[in-house]
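One structure is given below, encoded as structure tokens.
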Amino acid sequence: MGLHLWRGERHVLNGLSLRLGAGEALQLLWPNGAGKTSLLRGVAGLLPIESGTVRWKGADTSTDYAAYCSDLAYLGHDLALKGDLTAAENLRYSVGLRRQIDAAAISGALQAVGLTAPHDELVRRLSAGQQRRVALARLALWDAQLWLLDEPAANLDAAGQAQVAEAIAAHLSRGGSALISTHQGLPLPAAFNRLSHSPQEFA
Amino acid sequence: MGLHLWRGERHVLNGLSLRLGAGEALQLLWPNGAGKTSLLRGVAGLLPIESGTVRWKGADTSTDYAAYCSDLAYLGHDLALKGDLTAAENLRYSVGLRRQIDAAAISGALQAVGLTAPHDELVRRLSAGQQRRVALARLALWDAQLWLLDEPAANLDAAGQAQVAEAIAAHLSRGGSALISTHQGLPLPAAFNRLSHSPQEFA
Amino acid sequence: MSRPASSLRAASLILQRDLTLAFRRPGEWLQPVAFFLIVTMLFPLALDPELSRLRALAPGALWVAALLSSVLALEFLFREDGRDGTLEQFALSGQSFAWLLLAKTASHWLLTGLPLAIAAPLAAVGLGAPASAIPGILVALLLGSVSLSLLGAIGAGLTLGIRRGGALLSLLVLPLAIPTLVFGARATAMAIQGEPAAAPLYLLAALTVFGITLAPLAAAAAVRISLE
Amino acid sequence: MSRPASSLRAASLILQRDLTLAFRRPGEWLQPVAFFLIVTMLFPLALDPELSRLRALAPGALWVAALLSSVLALEFLFREDGRDGTLEQFALSGQSFAWLLLAKTASHWLLTGLPLAIAAPLAAVGLGAPASAIPGILVALLLGSVSLSLLGAIGAGLTLGIRRGGALLSLLVLPLAIPTLVFGARATAMAIQGEPAAAPLYLLAALTVFGITLAPLAAAAAVRISLE
Amino acid sequence: MSWAWFHRFGSPPYFYRLATRWVPWLSWPAGVLIVGGLFGGLVIAPADYQQSDAYRILYVHAPTAWLSQMAYTLMAVAAAVGLVWRMKVASAVAAAAAPIGASFTAVSLVTGMLWGQPMWGTYWAWDPRLVFQLVLFFFFLGFIGLRSAIDDVSRADRAGAVLAIVGIVNVPIVHYSVTWWNSLHQAPSVLRAQGPSMPASMLVPLLMSFLGITLYFYAVLFYRTRAEILRRDRGAAWVRELLTGKGKTA
Ligand code: HEM
Ligand SMILES: Nc1ncnc2c1ncn2[C@@H]1O[C@H](COP(=O)(O)OP(=O)(O)OP(=O)(O)O)[C@@H](O)[C@H]1O
Ligand SMILES: Nc1ncnc2c1ncn2[C@@H]1O[C@H](COP(=O)(O)OP(=O)(O)OP(=O)(O)O)[C@@H](O)[C@H]1O
Ligand SMILES: [Mg+2]
Ligand SMILES: [Mg+2]
């Protein structure tokens with residue numbers, strides 16, 4: 001059937017059709033302006049889809065959107081971190097909206113992503129790369145099955161990029177799926193990793 | 001002597017000392033939070049330097065700052081493009097502040113960076129990568145000797161990154177210098193290319 | 001595997017978060033109050049001295065100032081959470097979006113409307129109102145500011161993604177706020193003249209209830225559209 | 001190799017650019033005017049009906065509304081150029097920064113102050129001023145809006161990098177603007193009563209000249225600090 | 001009962017052709033009725049015993065005032081249909097209706113003010129009916145301003161729809177304001193439960209001019225909607241066919 005999506009007067013996604021299995025990651029290495037961001041936001045339900053349906057576990061996601069959301073984790077260009085809260089507080093408030101969480105789990109997750117700055121430093125004072133790490137910790141804590149990541153490794157140094165890849169690999173090994181837009185291509189375990197270089201592949 | 005620079009309560013650049021020759025590029029591959037952005041802004045005179053001096057052509061830049069500025073081109077995270085102007089208009093107004101320029105030069109520069117979108121499309125409607133190309137065209141038009149580039153290849157696809165590298169190489173071959181912060185490392189002609197992996201190298 | 005958060009818990013987290021943020025930057029929520037006080041002060045300055053001693057001017061000055069400073073503060077209701085992606089995450093949290101936005105509106109009111117309602121009697125006394133009018137003025141402004149926050153949430157949602165949305169926001173909200181202004185000013189005038197102000201206060205309360213039931217839904221629709 | 005641009009050329013490019021941008025989005029510069037008209041409308045609504053027929057209220061209502069809508073519009077003087085990096089490039093252009101900011105302030109006045117001055121006589125007539133008062137009101141508002149834009153540029157520069165700068169901006173600018181408000185309102189009142197309003201108009205003009213000479217320097221210093 | 005008609009209306013080419021066909025059929029009667037109504041009102045009808053000839057502005061004031069409210073209602077309903085059923089034509093109708101409604105509101109305000117000067121001795125008073133009619137004007141302006149501030153057409157449609165729906169509460173307020181508050185403005189003398197209280201020589205021209213202005217409203221609405229649909233669908237195959245195939249229509 002295919003997914004159609006417009007941005008303004010531009011027909012950005014033109015009858016695209018793709019599926020993602022459990023434990024599988026699909027990396028979109030499409031060129032600039034090809035519609036990666038639009039696709040991810042469309043799948044998340046943040047952009048209205050002109051025609052076609054997004055299905056999750058066999059059901060149309062628009063029928064029980066709340067249930068779909070609780071399986072979903074979206075990380076966009078904007079990290080949704082508050083500069084005036086510490087990393088730990090940020091996680092407490094934002095993860096808390098979705099599930100019950102305790103302080104130990106939070107500081108565990110922050111350690112896991114290798115945030116070297118003290119956890120009670122205000123996020124505003126962290127550099128771009130450190131902030132991405134905090135967002136990564138949140139992603140893990142959300143405990144969702146489908147990850148939608150828009151350029152998760154942007155602004156990250158080599159160590160940071162490896163950490164992102166590691167986090168995603170761990171997620172896949174727990175049976176999760178991930179749809180990732182990226183320009184570099186992340187080093188994921190080959191068995192679960194699909195690469196796409198242009199939207200035409202799914203037409 | 002060394003350059004010292006503070007951000008808030010953090011001593012970000014601690015007695016750094018570096019020099020850059022004509023036709024030379026220095027790529028800073030420092031990790032996140034090491035102070036690349038701070039260094040570039042300090043050198044441009046946008047951040048006050050605690051102690052130490054920035055010298056250009058032998059003279060302290062703070063004595064004749066306007067003259068230094070006309071030799072300088074800074075491209076930061078923010079592209080200084082107006083979404084409601086077309087690419088050509090953007091260049092006309094922003095380059096025009098520094099030097100006299102005609103329409104032919106502008107459209108030549110836009111072609112040179114491979115902007116495929118029509119030149120009278122509003123910049124707002126261009127994707128992140130296309131906007132960077134417009135900024136790159138401006139950089140070339142400014143016709144400055146010292147380029148300070150903060151992550152010039154962020155958000156660019158492979159073709160775009162090659163174009164950035166090409167533009168810088170052309171600039172170097174005309175005898176220009178460039179100080180570049182980057183995470184990937186740009187493929188520049190080896191003879192003029194210096195890489196730095198940490199600020200300690202200049203302590 | 002993990003237990004989902006209840007909607008009450010979610011709302012209380014939002015309130016906690018906003019209050020913590022406000023506590024870290026006390027300057028921010030003091031600003032609308034300061035604006036309110038300055039604007040009430042501008043009136044006597046801009047008027048003939050004899051006229052400015054008229055008590056009858058006090059309700060008008062108070063309410064116009066209150067309305068303007070609420071509208072000014074509104075710009076910040078969703079702006080920052082929109083810009084940094086927090087609202088997106090609210091929309092994807094699986095909780096009712098309208099409910100989360102109601103919680104945000106509540107915290108916004110606590111930080112801007114409530115201080116305004118507390119400062120208003122002071123300003124009124126400064127403009128010559130008798131001390132006996134204080135309770136009436138306080139109640140009028142409490143009710144009025146709640147309904148302004150709620151109405152304003154719709155406008156703030158609609159203008160969220162828009163450059164220079166501030167002026168458009170006032171253009172959209174001020175006409176909506178006219179009934180609140182009229183009834184609020186009338187109640188205040190009656191309180192100052194020592195008459196019982198129950199009738200306009202009931203009307204204000206009705207507006208507020210109406211706002212609580214409908215505004216969050218409209219605001220949620222508006223914000224969702226702005227997020228696209 | 002390349003010929004540098006003169007400072008006149010630079011200023012005219014900035015004016016051209018801002019007018020082009022405004023022309024592409026006419027809604028934006030119409031908003032402060034609409035805000036002004038709505039606010040003048042609010043006063044009579046919030047007052048006792050008999051009182052609202054008082055002509056004597058017109059100068060106060062007009063000037064408070066004009067002051068508030070200028071302050072509201074000020075937020076956009078540097079905000080966008082600051083956010084997208086344009087001001088950084090201005091600072092690095094080799095031109096005098098104060099001069100470029102004066103050009104920006106001029107284009108801002110053309111787009112917000114001038115329409116306001118033109119709309120004010122209309123609003124005044126709506127508030128019951130006689131047609132003979134129109135020239136006086138127009139001149140008072142022309143002078144007043146120039147000086148408000150200039151004073152405002154300092155405040156806008158200081159609050160540039162600040163989250164929720166809008167309310168803080170009004171706190172900084174409103175006290176500075178009190179002389180303009182007082183003289184402007186006096187000139188308007190005299191024009192409405194048919195008296196010659198030269199004295200307050202001279203004072204307004206003096207304020208404006210003072211502003212033109214000093215404000216750009218202060219604004220440039222403020223913006224530079226905010227850019228760090 | 002099938003929904004086929006609904007979907008048919010929702011198809012831009014169908015609506016375009018329909019509108020093209022209807023515009024002349026609306027325009028001619030509109031012209032005739034307006035001319036007839038004004039002739040009847042300005043020449044034939046007797047002068048009012050109280051207001052002499054000033055009342056004749058009624059033949060413009062009342063129809064535009066009524067229509068301004070109808071226009072708002074139509075705009076809000078169309079926008080809501082566009083929002084709920086994703087019907088693009090309905091959104092186009094709403095977008096096309098807003099400027100017309102705003103102009104009618106402006107005309108009713110201006111004629112009211114002109115009438116107010118001889119009747120009440122002032123152009124403007126802060127009276128509920130007048131104020132809420134002005135608020136209606138601001139809602140039109142807000143709708144237009146909000147739409148023009150958003151460049152994505154479909155987002156603008158939906159944001160505008162939310163505003164239009166919220167603003168609909170204002171319409172009954174305008175109508176009933178004279179009954180709810182004691183107002184300067186006179187109470188309804190035509191649109192009231194007991195039937196009109198006016199001599200036929202005044203009423204007939206009034207109804208004629210009302211009907212004529214209504215038809216005029218729809219003619220302009222169809223005309224503008226046509227243009228709006230073309231603008232929105234300019235990339236679509238049927239528009240290209242229209243422009244190349246039968247060049248005259250465009
Ligand atoms: C700016 C001033 C005025 C405004 C904004 C205004 C507004 C309106 C509106 C909105 C209506 C439609 C009412 C409805 O749908 O029920 C209306 C109708 C009418 N107006 Fe005015 N009006 C103004 C001044 C006047 C004046 C001065 C007169 C004459 C004394 C007048 C006489 C009428 C009459 C006779 C009708 C038809 C009433 C009916 O049968 O419903 N209006 N006006
Ligand atoms: N708000 C918008 N209005 C109109 N067109 C848009 C808008 N945003 C994006 N587009 C267009 O939609 C297309 C897809 O954009 P999108 O942001 O999805 O690309 P992308 O693959 O994420 O690109 P990038 O790698 O540069 O981030 C682009 O051609 C762009 O010009
Ligand atoms: N506004 C600020 N106030 C206080 N400290 C800051 C501020 N901005 C940055 N810092 C700190 O200064 C240090 C250097 O920051 P800078 O942005 O220069 O790093 P960077 O090398 O550009 O990093 P990245 O690769 O993440 O962009 C970081 O440790 C950061 O925490
Ligand atoms: Mg993208
Ligand atoms: Mg950096």
Side-chain angles (χ1 to χ4, degrees), chain B residues 5-8 38 40-49 64-86 89-102 105 122-124 131 135 138-139 141-146 148 150 174-175, chain D residues 1-29 76 78-104 107 111 160-161 220-228:
Chain B
L5 196 149
W6 292 71
R7 303 286 311 255
S38 308
L40 290 175
R41 293 179 69 84
V43 170
L46 291 172
L47 265 183
I49 285 169
D64 187 356
Y65 185 59
Y68 171 57
C69 278
S70 59
D71 280 343
L72 184 79
Y74 170 81
L75 180 62
H77 288 283
D78 299 321
L79 300 181
L81 295 175
K82 290 283 156 198
D84 280 325
L85 296 177
T86 67
E89 285 170 337
N90 261 298
L91 296 190
R92 186 165 103 77
Y93 294 126
S94 66
V95 177
L97 285 188
R98 306 183 63 146
R99 47 170 292 219
Q100 296 176 14
I101 180 98
D102 56 14
L122 296 187
V123 162
R124 172 157 53 84
Q131 295 186 3
R138 186 183 54 201
L139 200 62
L141 284 176
W142 268 335
D143 199 14
Q145 280 184 57
L146 174 58
L148 304 175
D150 201 356
R174 283 190 305 262
Chain D
M1 188 162 63
S2 60
R3 285 175 306 156
S6 71
S7 30
L8 264 183
R9 170 97 188 120
S12 95
L13 277 172
I14 291 181
L15 282 170
Q16 270 178 51
R17 188 197 66 150
D18 284 0
L19 297 182
T20 313
L21 283 171
F23 186 74
R24 300 246 159 103
R25 305 213 152 190
E28 294 191 347
W29 53 272
F76 306 105
F78 298 135
R79 177 76 28 118
E80 255 184 88
D81 279 336
R83 191 171 287 149
D84 67 12
T86 303
L87 286 182
E88 260 168 26
Q89 295 299 349
F90 281 4
L92 294 173
S93 70
Q95 306 277 358
S96 149
F97 196 39
W99 170 250
L100 297 185
L101 295 188
L102 182 59
K104 266 231 58 97
S107 73
L111 291 167
L160 182 59
V223 172
R224 230 175 238 291
I225 293 167
S226 301
L227 283 183
E228 273 174 21

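Order of the sequence lines sets the chain letters (A, B, ...), proteins ahead of strands, with each chain counted from 1. All figures in this text were calculated on a predicted structure; none of them were measured in a lab.
- Residue B/Tyr65 touches chain D through its side chain alone, counting heavy-atom pairs closer than 4.5 Å.
- In this structure, the side chain of B/Arg92 does not engage the main chain of D/Leu13 through any donor-acceptor pair within 3.5 Å.
- With rounding to the nearest 0.5 angstrom, the CG atom of D/Leu87 is 5.0 Å from the CG atom of D/Asp81.
- With chain D as partner, the option from B/Leu72, B/Asp78, B/Leu79 having the largest number of non-hydrogen pairs under 4.5 angstrom is B/Asp78.
- Judged purely by atom type and a 3.5 angstrom limit, D/Gln89 uses its side chain to pair as donor or acceptor with the backbone of B/Tyr74.
- With sequence neighbours excluded, the residues satisfying salt bridge (Lys or Arg N to Asp or Glu O under 4.0 Å) with B/Asp84 are B/Arg124, C/Arg163, D/Arg25.
- For the set D/Ala91, D/Ser96, D/Ser93, the entry with the most heavy-atom pairs within less than 4.5 Å of chain B is D/Ser93.
- Both the backbone and the side chain of D/Arg17 have a heavy atom closer than 4.5 Å to some heavy atom of chain B.
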Tabulate below the donor-acceptor pairs under 3.5 Å that side-chain atoms of residues 4-11 of chain D make, not counting sequence neighbours, or state none.
| unit_1 | atom_1 | unit_2 | atom_2 | d |
| --- | --- | --- | --- | --- |
| D/Ser6 | OG | D/Arg9 | N | 3.1 |

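- For B/Leu97, the parts lying under 4.5 angstrom from a heavy atom of chain D are both the backbone and the side chain.
- Proximity to chain B is limited to the backbone of D/Arg83, based on heavy atoms less than 4.5 angstrom apart.
- The residues D/Asp84 and B/Lys82 are annotated as salt-bridged, a charged nitrogen and a carboxylate oxygen being separated by less than 4.0 angstrom.
- Of the two parts of B/Leu81, only the backbone, made up of N, CA, C and O, holds a non-hydrogen atom closer than 4.5 Å to a non-hydrogen atom of chain D.
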